[in-house]
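Please read these numbers as outputs of a predicted model, since none were measured by experiment.
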Amino acid sequence: MDKLTIRDIEVDGKRVLVRVDFNVPLDEETGAITDDSRIRATLPTIKYLIERGARVILISHLGRPKGRAVDKLRLTVVAQRLSQILRQQVGVTKDCIGSEVEKSVESLSSGDVLLLENLRFHSAEEMGSPSFAQALARLADIYVNDAFGTSHRAHASITGIVNYLPAVAGLLLEKELKTLGSILERPAHPFAVLLGGAKISDKVGMLENIMGKVDYLLIGGAMAATFLKAQSYEVGLSLVEADRLGTAVGLMEKAVRNGVRLLFPVDVIVTDDLMAKAKNEIVSIENIPGDKRIVDIGPQTIKNFYTELRRCKTVFWNGPMGIYEIPQFAEGTRAMAKLLANLDAATIIGGGSTAEVVIELGLADKMAFVSTGGSASLKFLSGETLPGVESLLDKKSSITE
């Protein structure tokens with residue numbers, strides 16, 4: 001972590017613009033927040049600034065409004081929840097730029113918190129518009145990035161504002177970088193990576209980058225079908241990335257060269273219907289019917305994964321083991337979550353749907369760390385530069401530069 005953080009700057013009385021990730025899940029019928037963990041994750045930064053007399057201006061996106069105002073994606077409900085958690089009133093504006101917003105900011109006193117309306121109501125945000133970034137920057141004296149989950153995006157509020165304000169990291173961003181960085185630099189061994197989800201393609205970079213550091217690689221989820229197909233198994237109607245079969249072979253060969261123990265499913269749950277009450281059966285990977293698809297790992301695979309993971313001192317997990325949204329195809333994922341929650345190891349959850357699973361099961365506090373960034377975590381572990389991190393001031397920089 002070679003970037004300046006809010007600990008390195010003077011914030012008393014300053015207008016501090018904080019990019020947070022309040023893209024929380026909402027109940028489709030009531031519009032209520034169903035999981036506030038992303039709000040709570042940023043509390044250390046917000047409270048730090050409040051306690052030191054900053055005037056705190058929070059900016060975030062919510063959902064995908066595609067450049068227009070969508071009432072159900074307004075941040076009012078987020079401001080209300082944050083007010084409850086902080087036990088102080090958090091104001092919310094009707095827009096995120098403009099004269100009315102500027103007036104609201106000017107009326108802030110030290111320790112006040114204001115949440116600006118959804119950034120993505122403006123298409124200029126995702127386009128990385130310099131003029132939009134300037135309009136946001138005019139509101140503040142200092143910029144803080146605490147939105148790790150969107151730091152892989154070159155959006156105006158992530159990489160644009162840094163051109164007009166001194167830019168430093170928030171405490172959540174710092175924690176994400178240090179925790180995920182420890183996997184790359186000094187993981188306790190044995191070190192296992194447990195991967196699931198739909199595609200190999202979004203995990204290739206990470207697999208290539210960590211192959212020399214990991215001891216065990218366990219593959220489940222829909223992506224297992226591509227690896228099985230690459231080994232000439234019949235996978236029926238399962239999702240297969242046909243253009244990645246060669247990639248799968250290459251990764252398996254690289255694992256062998258690096259002495260990595262590879263584990264694939266030995267049995268799976270298959271069905272011919274993805275309806276909630278569809279009939280399903282357990283079959284070995286040698287007997288997958290041509291007219292059915294893999295929807296979860298089987299009980300023997302769960303046992304095999306248990307055996308290896310219990311040996312480990314570091315485990316990184318990204319991606320469900322099956323179609324978690326359908327309860328009868330979620331047993332493999334639930335089993336892995338429960339196992340990791342009880343391991344005597346550093347268990348790191350790689351954000352996205354995997355984080356949602358452990359939070360839903362009430363196991364987040366049993367894990368060493370639950371990342372707030374799915375794609376951002378994978379890109380970071382791939383060794384790729386995150387634009388939102390790279391653009392912050394280095395430790396050797398002066399805040400007055």
Side-chain angles (χ1 to χ4, degrees), residues 179-233 235 240-241 244-268 285 294 297-298 300-321 332-333 335-337 339-340 343-352 354 367-369 371 374 377-384:
T179 303
L180 295 174
S182 70
I183 293 178
L184 297 176
E185 295 170 8
R186 52 186 182 281
H189 291 275
F191 172 27
V193 170
L194 173 64
L195 292 179
K199 297 180 179 180
I200 293 177
S201 54
D202 58 2
K203 299 179 176 72
V204 171
M206 185 196 72
L207 286 168
E208 293 278 4
N209 196 44
I210 67 167
M211 201 67 83
K213 304 174 176 68
V214 68
D215 302 295
Y216 297 92
L217 181 57
L218 296 78
I219 306 292
M223 66 182 289
T226 301
F227 280 99
L228 293 175
K229 183 74 172 179
Q231 297 173 72
S232 300
Y233 286 100
V235 295
V240 171
E241 290 181 275
R244 291 290 182 169
L245 292 174
T247 301
V249 171
L251 288 170
M252 289 186 286
E253 291 174 347
K254 186 170 184 177
V256 171
R257 289 197 302 272
N258 283 275
V260 178
R261 179 160 165 71
L262 268 171
L263 276 85
F264 297 107
V266 295
D267 62 343
V268 291
I285 57 171
I294 300 170
I297 57 175
Q300 186 57 52
T301 300
I302 292 173
K303 290 178 183 177
N304 293 351
F305 283 11
Y306 268 28
T307 300
E308 304 303 339
L309 290 171
R310 284 196 182 105
R311 308 177 196 273
C312 297
K313 290 299 180 184
T314 305
V315 180
F316 174 79
W317 178 24
N318 180 276
M321 297 293 102
T333 304
M336 291 301 102
L339 170 65
L340 266 60
L343 282 184
D344 181 18
T347 49
I348 299 168
I349 308 303
T354 323
M367 307 297 178
F369 185 67
S371 177
S377 296
L378 294 176
K379 285 186 178 293
F380 182 81
L381 292 174
S382 298
E384 293 185 36

pair [X]-[Y]: side-chain heavy atoms closer than 4.5 Å:
{"X": "L251", "Y": "E208", "result": "yes"}
{"X": "V240", "Y": "R244", "result": "no"}
{"X": "M367", "Y": "I348", "result": "no"}
{"X": "N209", "Y": "L184", "result": "yes"}
{"X": "M321", "Y": "I302", "result": "no"}
{"X": "S371", "Y": "T179", "result": "no"}

>> So, using side chain to side chain contact (heavy atoms under 4.5 Å, CB included) as the criterion, who are the partners of A230 when residues are at least two apart?
In response: L245, A248, V249, M252
With rounding to the nearest 0.5 angstrom, report the [atom1] to [atom2] distance, [X] to [Y].
{"X": "H189", "Y": "Y216", "atom1": "NE2", "atom2": "OH", "answer": "12.0 Å"}
{"X": "L180", "Y": "S377", "atom1": "CG", "atom2": "OG", "answer": "5.0 Å"}
{"X": "L228", "Y": "I285", "atom1": "CG", "atom2": "CD1", "answer": "5.5 Å"}
{"X": "I210", "Y": "L217", "atom1": "CD1", "atom2": "CG", "answer": "6.5 Å"}
{"X": "T347", "Y": "M336", "atom1": "OG1", "atom2": "CE", "answer": "13.5 Å"}
{"X": "I349", "Y": "W317", "atom1": "CD1", "atom2": "CH2", "answer": "6.0 Å"}

Is there a donor-acceptor pair closer than 3.5 Å between any side-chain N or O of [X] and the backbone N or O of [Y]?
{"X": "D267", "Y": "T301", "result": "yes"}
{"X": "N258", "Y": "K254", "result": "yes"}
{"X": "Q231", "Y": "F227", "result": "yes"}
{"X": "N318", "Y": "L195", "result": "no"}
{"X": "K229", "Y": "E241", "result": "no"}
{"X": "T314", "Y": "A346", "result": "no"}

>> Let's go through N304 and E308 carefully: what are the C-alpha distance in whole Å and the side-chain angles of both, what is the deciding distance for side-chain hydrogen bond (donor to acceptor under 3.5 Å, both in side chains) to 0.1 Å, and is it a yes or a no?
In response: CA-CA 7 Å; N304 293 351; E308 304 303 339; over 6 Å; no
Shortest non-hydrogen contact between [X] and [Y], atoms and distance:
{"X": "L262", "Y": "A255", "value": "CD1-CB, 3.6 Å"}
{"X": "T354", "Y": "G319", "value": "OG1-N, 2.6 Å"}
{"X": "L309", "Y": "A192", "value": "CD2-CB, 3.8 Å"}
{"X": "A345", "Y": "C312", "value": "CB-O, 3.3 Å"}

> More than 12 non-hydrogen atoms from neighbouring residues, nucleotides or ligands closer than 6.0 Å to NZ on K379, yes or no?
Replying inline: no
>> Determine whether M206 and V193 satisfy the following criterion, side-chain contact (heavy atoms from CB on, under 4.5 Å), listing intermediate values before the conclusion.
In response: CA-CA 10 Å; M206 185 196 72; V193 170; 4.1 Å; yes
>> Run the side-chain contact (heavy atoms from CB on, under 4.5 Å) test on F316 and V214 for me, step by step, so that the C-alpha distance in whole Å, both residues' side-chain angles and the decisive distance to 0.1 Å come before the verdict.
In response: CA-CA 10 Å; F316 174 79; V214 68; over 6 Å; no
> Run the side-chain contact (heavy atoms from CB on, under 4.5 Å) check on L339 and R310 step by step: do they pass?
Replying inline: CA-CA 8 Å; L339 170 65; R310 284 196 182 105; 4.2 Å; yes
